[in-house]
Amino acid sequence: RATGTAIVAVSNRASEFRDMSMLYGGQPDIFLGIGFHPEAAGGSTEAIELAIFEQELPKAQWIAEIGLDG
């Protein structure tokens, strides 16, 4: 913090973002991005991750991995 360094944290799954948010949310120098990796689409946890994504999205400072590059 003294050097002005910030952390940009990327999540690949909404459940990871939720966990990061509980640990680091509200820190002025930590920027949390919510994501949904394409490998999670169609998997057994897809519905759960999408529900968490919708719930956690308002807390996110930016959108992380969503798989548009593939």
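Here the straight-line distance linking atom CG of Asn12 with atom CD1 of Ile34 works out to 11.5 Å at 0.5 Å rounding. Annotation: the span from Arg13 atom CZ to Glu46 atom CD amounts to 10.5 Å, rounded to 0.5 Å. Remark: Asp29 CG to Thr5 OG1 distance equals 8.5 Å, nearest 0.5 Å. The line from CZ of Phe36 to OG of Ser15 is 9.5 Å long, rounded to the nearest 0.5 Å.
Ile48 belongs to a hydrophobic cluster whose other members, connected by ILVMFWY side-chain contacts under 4.5 Å either directly or through intermediates, are Ile52.
For the salt bridge (charged side-chain N to carboxylate O under 4.0 Å, His left out) test, residues two or more places apart in sequence or in another chain that qualify with Glu56 are Lys59.
For the residue pair Met20 and Gly33, the shortest heavy atom distance occurs at CE-O, 4.3 Å. Between Phe53 and Ala14, the closest heavy-atom pair is N-CB, 3.4 Å.
When the side chains of ILVMFWY residues are joined at heavy-atom separations under 4.5 Å, either directly or via intervening members, Met22 and Leu57 end up in two distinct hydrophobic clusters. Taking hydrophobic clusters as Ile, Leu, Val, Met, Phe, Trp and Tyr residues chained together by side-chain heavy-atom distances below 4.5 Å, Ile63 shares a cluster with Phe17. Side-chain heavy atoms closer than 4.5 Å link hydrophobic residues (I, L, V, M, F, W, Y) into clusters, and following such links, even through other members, never connects Ile30 to Val10.
A donor-acceptor contact shorter than 3.5 Å is absent between the side chain of Glu16 and the backbone of Ser11. Gln61 places a side-chain N or O within 3.5 Å of a backbone atom of Leu32 that can act as its donor or acceptor partner.
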